[in-house]
Amino acid sequence: DQQVKQNSPSLSVQEGRISILNCDYTNSMFDYFLWYKKYPAEGPTFLISISSIKDKNEDGRFTVFLNKSAKHLSLHIVPSQPGDSAVYFCAAYGISAGGTSYGKLTFGQGTILTVHP
Amino acid sequence: KAGVTQTPRYLIKTRGQQVTLSCSPISGHRSVSWYQQTPGQGLQFLFEYFSETQRNKGNFPGRFSGRQFSNSRSEMNVSTLELGDSALYLCASSPVKGGGYTFGSGTRLTVV
(Lines give C-alpha, C1' and ligand atoms only; values in the text may rest on other atoms or scores of the structure.)
Protein backbone atom coordinates (compact mmCIF):
# COMPACT_ATOMS: atom_id res chain seq x y z
CA ASP A 1 0.00 0.00 0.00
CA GLN A 2 1.74 3.11 -1.26
CA GLN A 3 0.67 5.93 1.03
CA VAL A 4 2.58 8.64 -0.82
CA LYS A 5 2.47 8.70 -4.60
CA GLN A 6 4.23 10.72 -7.23
CA ASN A 7 2.45 9.73 -10.41
CA SER A 8 4.76 11.50 -12.84
CA PRO A 9 8.08 9.66 -13.19
CA SER A 10 9.61 12.55 -15.08
CA LEU A 11 9.12 16.20 -15.98
CA SER A 12 10.96 18.28 -18.57
CA VAL A 13 10.94 22.08 -18.36
CA GLN A 14 12.65 24.97 -20.14
CA GLU A 15 14.98 27.18 -18.14
CA GLY A 16 13.17 30.19 -16.69
CA ARG A 17 9.75 28.54 -16.76
CA ILE A 18 7.81 27.09 -13.85
CA SER A 19 8.28 23.49 -12.70
CA ILE A 20 5.31 21.90 -10.93
CA LEU A 21 5.85 18.59 -9.17
CA ASN A 22 2.86 16.78 -7.75
CA CYS A 23 2.32 14.37 -4.89
CA ASP A 24 -0.77 12.57 -3.56
CA TYR A 25 -1.20 10.83 -0.23
CA THR A 26 -3.75 8.53 1.30
CA ASN A 27 -2.95 8.59 5.02
CA SER A 28 -4.95 11.34 6.74
CA MET A 29 -2.73 10.96 9.83
CA PHE A 30 0.20 12.67 8.14
CA ASP A 31 1.00 16.01 9.83
CA TYR A 32 4.02 17.24 7.89
CA PHE A 33 5.04 17.06 4.28
CA LEU A 34 8.52 17.61 2.93
CA TRP A 35 10.23 17.87 -0.42
CA TYR A 36 13.73 16.57 -0.99
CA LYS A 37 16.06 16.87 -3.95
CA LYS A 38 18.39 14.01 -4.72
CA TYR A 39 21.32 13.33 -7.00
CA PRO A 40 22.42 9.77 -7.80
CA ALA A 41 24.56 8.09 -5.12
CA GLU A 42 23.94 10.97 -2.70
CA GLY A 43 21.58 11.49 0.17
CA PRO A 44 18.38 13.54 -0.23
CA THR A 45 18.73 17.26 0.42
CA PHE A 46 15.88 18.98 2.24
CA LEU A 47 14.16 21.72 0.22
CA ILE A 48 10.98 22.83 1.92
CA SER A 49 8.25 21.54 4.22
CA ILE A 50 4.69 22.34 5.15
CA SER A 51 2.57 21.58 8.16
CA SER A 52 -0.91 20.16 7.68
CA ILE A 53 -2.37 23.26 9.31
CA LYS A 54 -1.12 25.45 6.46
CA ASP A 55 -1.93 25.49 2.76
CA LYS A 56 1.16 27.27 1.45
CA ASN A 57 4.79 27.73 2.34
CA GLU A 58 7.31 29.72 0.37
CA ASP A 59 11.10 29.79 0.43
CA GLY A 60 12.83 31.68 -2.33
CA ARG A 61 12.12 30.03 -5.66
CA PHE A 62 10.32 27.12 -3.99
CA THR A 63 6.68 27.12 -2.94
CA VAL A 64 4.75 24.14 -1.62
CA PHE A 65 0.96 24.03 -1.75
CA LEU A 66 -1.13 21.65 0.31
CA ASN A 67 -4.75 20.73 -0.43
CA LYS A 68 -5.84 18.60 2.51
CA SER A 69 -9.31 17.86 1.21
CA ALA A 70 -7.80 16.43 -1.98
CA LYS A 71 -4.84 14.91 -0.13
CA HIS A 72 -2.59 16.56 -2.67
CA LEU A 73 0.53 18.68 -2.50
CA SER A 74 2.65 20.32 -5.14
CA LEU A 75 6.06 21.93 -5.35
CA HIS A 76 6.47 24.96 -7.60
CA ILE A 77 9.92 26.06 -8.69
CA VAL A 78 10.04 29.51 -10.27
CA PRO A 79 12.11 30.24 -12.27
CA SER A 80 13.54 26.83 -13.05
CA GLN A 81 17.30 26.57 -13.51
CA PRO A 82 19.44 23.81 -15.07
CA GLY A 83 20.96 23.19 -11.64
CA ASP A 84 17.50 22.14 -10.44
CA SER A 85 17.76 18.99 -12.57
CA ALA A 86 17.56 16.09 -10.11
CA VAL A 87 15.13 13.59 -8.64
CA TYR A 88 12.53 15.17 -6.37
CA PHE A 89 10.90 13.19 -3.59
CA CYS A 90 7.93 14.16 -1.51
CA ALA A 91 7.77 12.65 1.95
CA ALA A 92 5.35 12.72 4.85
CA TYR A 93 5.19 11.84 8.50
CA GLY A 94 2.72 11.86 11.35
CA ILE A 95 3.34 13.17 14.84
CA SER A 96 2.49 10.85 17.68
CA ALA A 97 0.87 11.97 20.92
CA GLY A 98 4.39 12.20 22.32
CA GLY A 99 5.29 14.83 19.74
CA THR A 100 7.60 12.76 17.57
CA SER A 101 7.41 10.90 14.30
CA TYR A 102 9.88 8.30 15.57
CA GLY A 103 12.02 8.88 12.52
CA LYS A 104 9.68 7.45 9.93
CA LEU A 105 9.34 9.36 6.71
CA THR A 106 7.16 7.82 4.03
CA PHE A 107 8.50 8.69 0.59
CA GLY A 108 6.96 8.85 -2.85
CA GLN A 109 8.70 7.15 -5.75
CA GLY A 110 10.29 10.35 -7.01
CA THR A 111 10.02 12.54 -10.11
CA ILE A 112 13.02 13.17 -12.35
CA LEU A 113 13.11 16.86 -13.22
CA THR A 114 15.14 17.95 -16.22
CA VAL A 115 15.54 21.68 -16.85
CA HIS A 116 16.81 22.46 -20.34
CA PRO A 117 18.94 25.57 -20.96
CA LYS B 1 28.41 22.50 11.55
CA ALA B 2 29.32 19.04 10.27
CA GLY B 3 26.60 17.11 8.50
CA VAL B 4 25.60 13.48 8.80
CA THR B 5 28.58 11.24 8.11
CA GLN B 6 28.21 7.72 6.78
CA THR B 7 31.04 5.24 6.37
CA PRO B 8 32.08 3.54 4.25
CA ARG B 9 30.78 5.17 1.05
CA TYR B 10 31.07 2.00 -1.00
CA LEU B 11 31.15 -1.66 -0.05
CA ILE B 12 31.22 -4.92 -1.98
CA LYS B 13 30.29 -8.10 -0.15
CA THR B 14 29.62 -11.71 -1.06
CA ARG B 15 26.31 -13.48 -0.50
CA GLY B 16 26.13 -14.98 2.96
CA GLN B 17 28.50 -12.50 4.53
CA GLN B 18 27.49 -9.84 7.01
CA VAL B 19 28.11 -6.12 6.90
CA THR B 20 28.14 -3.21 9.36
CA LEU B 21 27.49 0.37 8.29
CA SER B 22 28.17 3.42 10.41
CA CYS B 23 26.41 6.76 10.81
CA SER B 24 27.50 9.80 12.81
CA PRO B 25 24.63 12.26 13.25
CA ILE B 26 24.78 16.03 13.39
CA SER B 27 26.09 17.17 16.75
CA GLY B 28 23.19 17.52 19.16
CA HIS B 29 20.86 15.32 17.12
CA ARG B 30 19.76 12.32 19.15
CA SER B 31 17.48 10.59 16.68
CA VAL B 32 19.02 8.49 13.92
CA SER B 33 16.94 6.67 11.34
CA TRP B 34 17.98 4.36 8.52
CA TYR B 35 16.56 3.95 5.02
CA GLN B 36 17.16 1.61 2.10
CA GLN B 37 16.92 2.90 -1.45
CA THR B 38 16.54 0.48 -4.35
CA PRO B 39 15.36 1.15 -7.91
CA GLY B 40 12.31 -1.06 -7.47
CA GLN B 41 11.16 -0.12 -3.97
CA GLY B 42 12.31 3.47 -3.63
CA LEU B 43 13.22 4.84 -0.22
CA GLN B 44 12.03 2.59 2.57
CA PHE B 45 12.28 3.10 6.32
CA LEU B 46 14.34 0.52 8.20
CA PHE B 47 14.39 1.68 11.83
CA GLU B 48 14.95 4.61 14.15
CA TYR B 49 17.02 4.94 17.29
CA PHE B 50 16.85 7.50 20.06
CA SER B 51 18.90 7.45 23.26
CA GLU B 52 20.23 4.00 22.41
CA THR B 53 16.71 2.56 22.06
CA GLN B 54 14.96 1.42 18.92
CA ARG B 55 11.68 3.33 18.84
CA ASN B 56 10.37 2.39 15.43
CA LYS B 57 10.93 -0.35 12.89
CA GLY B 58 9.95 -0.84 9.26
CA ASN B 59 8.97 -4.03 7.46
CA PHE B 60 12.34 -5.66 7.02
CA PRO B 61 13.46 -9.14 8.05
CA GLY B 62 15.37 -9.74 11.26
CA ARG B 63 18.63 -9.94 9.28
CA PHE B 64 18.56 -6.15 9.43
CA SER B 65 19.47 -4.80 12.84
CA GLY B 66 20.96 -1.71 14.34
CA ARG B 67 22.15 -0.06 17.48
CA GLN B 68 22.94 3.36 18.82
CA PHE B 69 25.73 4.36 21.14
CA SER B 70 25.72 6.88 23.97
CA ASN B 71 27.27 9.52 21.68
CA SER B 72 24.28 9.03 19.29
CA ARG B 73 26.41 7.38 16.61
CA SER B 74 24.56 4.47 15.06
CA GLU B 75 25.43 1.29 13.23
CA MET B 76 23.28 -0.99 11.17
CA ASN B 77 24.10 -4.61 10.50
CA VAL B 78 22.88 -6.91 7.79
CA SER B 79 23.60 -10.60 8.27
CA THR B 80 23.50 -13.42 5.72
CA LEU B 81 23.58 -11.00 2.81
CA GLU B 82 21.39 -11.65 -0.22
CA LEU B 83 21.73 -10.24 -3.73
CA GLY B 84 18.55 -8.23 -3.13
CA ASP B 85 20.24 -6.36 -0.29
CA SER B 86 22.26 -4.42 -2.84
CA ALA B 87 21.12 -0.84 -2.30
CA LEU B 88 22.01 2.63 -1.17
CA TYR B 89 21.67 2.76 2.62
CA LEU B 90 20.95 6.19 4.01
CA CYS B 91 20.82 7.46 7.53
CA ALA B 92 19.16 10.64 8.71
CA SER B 93 19.44 12.51 11.96
CA SER B 94 17.02 14.90 13.58
CA PRO B 95 16.68 16.88 16.79
CA VAL B 96 14.70 15.59 19.74
CA LYS B 97 11.27 16.18 18.27
CA GLY B 98 10.17 15.28 14.75
CA GLY B 99 11.09 17.15 11.62
CA GLY B 100 14.35 18.54 10.31
CA TYR B 101 15.59 15.24 8.93
CA THR B 102 19.08 15.64 7.48
CA PHE B 103 20.45 12.80 5.42
CA GLY B 104 23.97 11.55 4.96
CA SER B 105 25.47 10.73 1.56
CA GLY B 106 24.78 7.05 2.02
CA THR B 107 26.66 3.77 1.75
CA ARG B 108 26.38 1.95 -1.56
CA LEU B 109 26.33 -1.77 -0.80
CA THR B 110 26.80 -4.26 -3.61
CA VAL B 111 26.27 -7.93 -2.89
CA VAL B 112 27.82 -10.33 -5.41
Side-chain angles (χ1 to χ4, degrees), chain A residues 1-10 23-25 27 29-54 57 59 64 86-112, chain B residues 3-6 9-11 23 25-26 29-51 53-60 66 68 72 74 76 87-110:
Chain A
D1 173 31
Q2 199 171 346
Q3 298 184 50
V4 177
K5 296 181 184 178
Q6 293 175 255
N7 291 317
S8 298
S10 63
C23 181
D24 297 297
Y25 63 96
N27 190 340
M29 300 301 289
F30 287 141
D31 295 293
Y32 284 88
F33 304 88
L34 309 91
W35 284 95
Y36 284 87
K37 175 181 176 180
K38 188 179 184 301
Y39 296 110
E42 290 186 14
T45 301
F46 172 75
L47 286 173
I48 192 169
S49 64
I50 188 167
S51 161
S52 60
I53 62 173
K54 295 186 175 181
N57 189 25
D59 184 1
V64 56
V87 181
Y88 287 77
F89 289 93
C90 73
Y93 66 87
I95 297 289
S96 70
T100 178
S101 64
Y102 296 126
K104 184 176 181 179
L105 292 172
T106 301
F107 283 87
Q109 292 295 96
T111 297
I112 301 170
Chain B
V4 179
T5 304
Q6 290 189 247
R9 285 297 310 273
Y10 303 94
L11 208 47
C23 173
I26 290 173
H29 285 193
R30 293 167 61 189
S31 167
V32 175
S33 47
W34 288 88
Y35 291 82
Q36 181 197 64
Q37 186 186 22
T38 59
Q41 299 297 319
L43 279 149
Q44 292 193 294
F45 173 76
L46 281 155
F47 32 63
E48 187 256 7
Y49 286 86
F50 178 82
S51 290
T53 301
Q54 186 183 90
R55 294 194 301 185
N56 202 357
K57 189 177 189 305
N59 296 324
F60 280 81
Q68 187 181 35
S72 294
S74 177
M76 68 162 281
L88 180 67
Y89 289 88
L90 294 157
C91 87
S93 74
S94 69
V96 175
K97 296 235 171 166
Y101 294 97
T102 304
F103 284 83
S105 296
T107 294
R108 169 69 63 182
L109 171 66
T110 303

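Lettering follows sequence order; numbering is per chain, from 1.
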**B:Gln6, part contacting chain A, at a heavy-atom distance under 4.5 Å** =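 For B:Gln6, neither part sits under 4.5 Å from chain A.
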**Item:** Region of B:Leu90 in contact with chain A, defined by heavy-atom distances below 4.5 Å
**Value:**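 For B:Leu90, the contact with chain A is made by the side chain alone.
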**Greater than 12 external heavy atoms within 6.0 Å of A:Phe46's CZ** =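 For A:Phe46, atom CZ is crowded (more than 12 foreign heavy atoms under 6.0 Å).
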**Request:** Flag the one option from B:Arg9, B:Gln37, B:Gln44, B:Lys57 with the top tally of heavy-atom pairs under 4.5 Å to chain A.
**Result:**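 Option with the top pair count is B:Gln37.
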**Request:** For each of B:Gly58, B:Ser105, B:Ala92, tally heavy-atom pairs with chain A at distances under 4.5 Å, and name the one with the top tally.
**Result:**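 Going by pairs under 4.5 Å, I would pick B:Ser105.
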**Request:** Just jot down the ring pair (Phe, Tyr, Trp, His ring centres under 6.0 Å) partners of B:Tyr35, sequence neighbours excluded, or say none.
**Result:**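 Residues passing ring pair (Phe, Tyr, Trp, His ring centres under 6.0 Å) with B:Tyr35: A:Phe107, B:Phe45, B:Phe103.
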**Request:** Show the numbers, then the answer: is there a ring-ring contact (aromatic ring centres under 6.0 Å, His included) between A:Tyr93 and B:Tyr101?
**Result:** CA-CA 11 Å; A:Tyr93 66 87; B:Tyr101 294 97; 5.6 Å; yes
**Item:** Shortest non-hydrogen contact between B:Leu88 and A:Glu42, atoms and distance
**Value:**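 Minimum heavy-atom separation between B:Leu88 and A:Glu42: CD2-O, 4.0 Å.
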**Segment of A:Tyr39 engaging chain B (4.5 angstrom heavy-atom cut-off)** =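 Neither part.
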